[in-house]
Amino acid sequence: MAEPAPSAADALARLNMPLVEAMMTQRAIRRVLPDPVDDDIVLKCIELALRAPTGANGQNWEFIVVKDPRIKKKLARRYRLAWRVFYRASIRDIASYDEEMAKSVRAIQWQVDHFTEIPVLVVACLRQTAREGRVPYAPMPHAAASAFFGSIYPSVQNLLLAARAMGLGASLITLPLWNLTSARRVLKLPTSVTPCCVVPLGWPRGRYGPTTRRPVDEIVHLDRYGNRAWFGPK
């Protein structure tokens with residue numbers, strides 16, 4: 001059962017949550033209530049997002065806070081189409097025998113079906129700067145993409161941790177932006193601003209709980225892939 005939405009003052013007071021607790025209990029919360037989220041809470045999430053580093057200290061983020069039902073409807077239509085294609089092409093078969101994947105599919109499907117009811121969508125964007133135009137990345141497309149998007153995701157993680165501390169449900173999604181031209185048109189973005197991801201925000205239906213993750217000894221390698229020197233033979 002969902003807890004009643006806290007006041008803005010109560011939610012902001014929760015930001016004193018220990019960082020390790022926020023990290024250890026963070027999860028993608030897709031099922032949220034339609035209840036409004038106070039503007040002060042949303043702006044605090046973004047204010048904390050801006051404390052993250054950016055490449056060459058460019059500080060070239062832009063955040064579009066979407067509350068207008070008409071814009072949500074347009075993004076929802078694009079999300080629904082992209083999810084239908086992605087689900088059929090990539091994960092339908094896996095979900096048929098993998099219960100963890102099936103749980104994720106059900107949560108995503110709920111979000112797709114109720115997207116226009118989510119009270120706030122935060123679209124994290126990056127603005128192309130004159131400085132970046134002078135960086136000679138042209139012959140190195142992977143380095144260029146990594147450098148560019150590396151300036152937005154630290155701030156998005158800050159936003160997600162702030163949301164977790166204040167008790168908000170949040171997740172990071174990209175499918176509503178699959179068509180870049182269309183996304184720019186919906187959000188009235190100039191071509192110099194690239195939408196990178198969407199973070200839906202709302203009060204969760206249910207509670208946060210402990211997360212299950214693979215142990216560190218399964219994913220850490222020393223100097224080269226496959227060297228488990230720190231953990232001994234399996």
Side-chain angles (χ1 to χ4, degrees), residues 5 8 11-12 14-15 19 22 26-30 32 34-79 82 111 115-132 145-204:
L12 292 169
R14 293 179 179 180
L15 284 170
L19 177 60
Q26 184 186 22
R27 61 169 65 236
I29 301 291
R30 301 181 187 278
V32 297
D35 303 23
V37 177
D38 193 283
D39 290 345
D40 287 345
I41 295 173
V42 178
L43 292 174
K44 176 56 72 171
C45 284
I46 296 175
E47 178 187 338
L48 294 172
L50 300 185
R51 308 308 297 181
T54 56
N57 195 29
Q59 302 189 39
N60 53 328
W61 334 263
E62 303 285 352
F63 290 88
I64 313 299
V65 177
V66 176
K67 300 172 71 174
D68 187 327
R70 295 168 298 178
I71 299 177
K72 290 181 190 176
K73 187 175 181 179
K74 291 176 181 179
L75 292 174
R77 189 180 306 124
R78 287 151 179 79
Y79 191 7
Q111 188 178 62
F115 200 63
T116 57
E117 301 166 23
I118 296 171
V120 177
L121 308 174
V122 179
V123 185
C125 308
L126 283 173
R127 175 174 29 83
Q128 187 77 31
T129 65
R131 179 191 302 175
E132 289 165 334
S146 297
F148 184 69
F149 290 106
S151 285
I152 194 65
Y153 285 112
S155 66
V156 173
Q157 176 65 350
N158 272 17
L159 193 158
L160 292 170
L161 287 171
R164 165 64 194 101
M166 289 190 282
L168 278 170
S171 57
L172 187 163
I173 61 176
T174 57
L175 288 181
L177 308 175
W178 67 275
N179 185 317
L180 184 58
T181 300
S182 175
R184 282 200 175 107
R185 184 168 60 247
V186 169
L187 298 168
K188 307 298 184 187
L189 298 175
T191 56
S192 59
V193 176
T194 300
C196 300
C197 66
V198 181
V199 179
L201 292 175
W203 301 112

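Residue indices begin at 1 and follow the sequence shown. For the numbers below, each heavy atom of this structure counts, side chains included, while hydrogens, waters and symmetry mates do not. Note that the coordinates shown come from a computational prediction; the quantities given were computed from them, not determined experimentally.
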Steps toward side-chain contact (heavy atoms from CB on, under 4.5 Å) verdict (C45, V122): CA-CA 10 Å; C45 284; V122 179; over 6 Å; no

Intermediate values then yes/no, side-chain contact (heavy atoms from CB on, under 4.5 Å), L168 and W203: CA-CA 5 Å; L168 278 170; W203 301 112; 3.7 Å; yes

Worked check of side-chain contact (heavy atoms from CB on, under 4.5 Å) between T194 and F148: CA-CA 10 Å; T194 300; F148 184 69; 4.0 Å; yes

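Side-chain atoms of K74 do not come within 3.5 Å of backbone N or O of L187 as any donor-acceptor pair. Judged by distance alone, the side chain of R184 and the main-chain N or O of V193 form a donor-acceptor pair under 3.5 Å. W61 places no side-chain N or O within donor-acceptor distance of the main-chain N or O of A124, the cut-off being under 3.5 Å.
Applying the side chain to side chain contact (heavy atoms under 4.5 Å, CB included) criterion to L15, with sequence neighbours excluded, gives L12, K44, L48, A162, A165, M166. The salt bridge (Lys or Arg N to Asp or Glu O under 4.0 Å) check on D39 picks up K67, with sequence neighbours excluded.
Nearest heavy-atom pair across P195 and C125 is CA-SG, 3.7 Å. Nearest heavy atom pair, residue S151 against residue T54, reads O-CG2, 3.5 Å. The two residues V37 and G202 make their nearest non-hydrogen contact at CG2-CA, 4.0 Å. Here the closest heavy-atom approach between residue L121 and residue I118 is recorded as CD2-CG2, 4.0 Å. Here the closest non-hydrogen pair linking K72 and F115 is O-CD2, 4.1 Å. Looking at every heavy atom in both residues, I29 comes nearest to P204 through CG2-CB, 3.7 Å.
Note that the CG atom of L201 and the OG atom of S171 stand 8.5 Å from one another [nearest 0.5 Å]. Taking CD1 from I173 and CD from Q111, the interatomic distance works out to 4.5 Å, rounded to the nearest 0.5 Å. Atoms OG1 and CG, on T116 and L75 in that order, are 11.0 Å from each other to the nearest 0.5 Å. Interatomic distance, SG of C197 versus OH of Y153, reported as 4.5 Å (0.5 Å rounding). Between the SG atom in C196 and the CG atom in L180 there is a gap of 9.0 Å [rounded to 0.5 Å]. With rounding to the nearest 0.5 Å, the separation of CZ in R164 from CD in Q26 is 9.0 Å.
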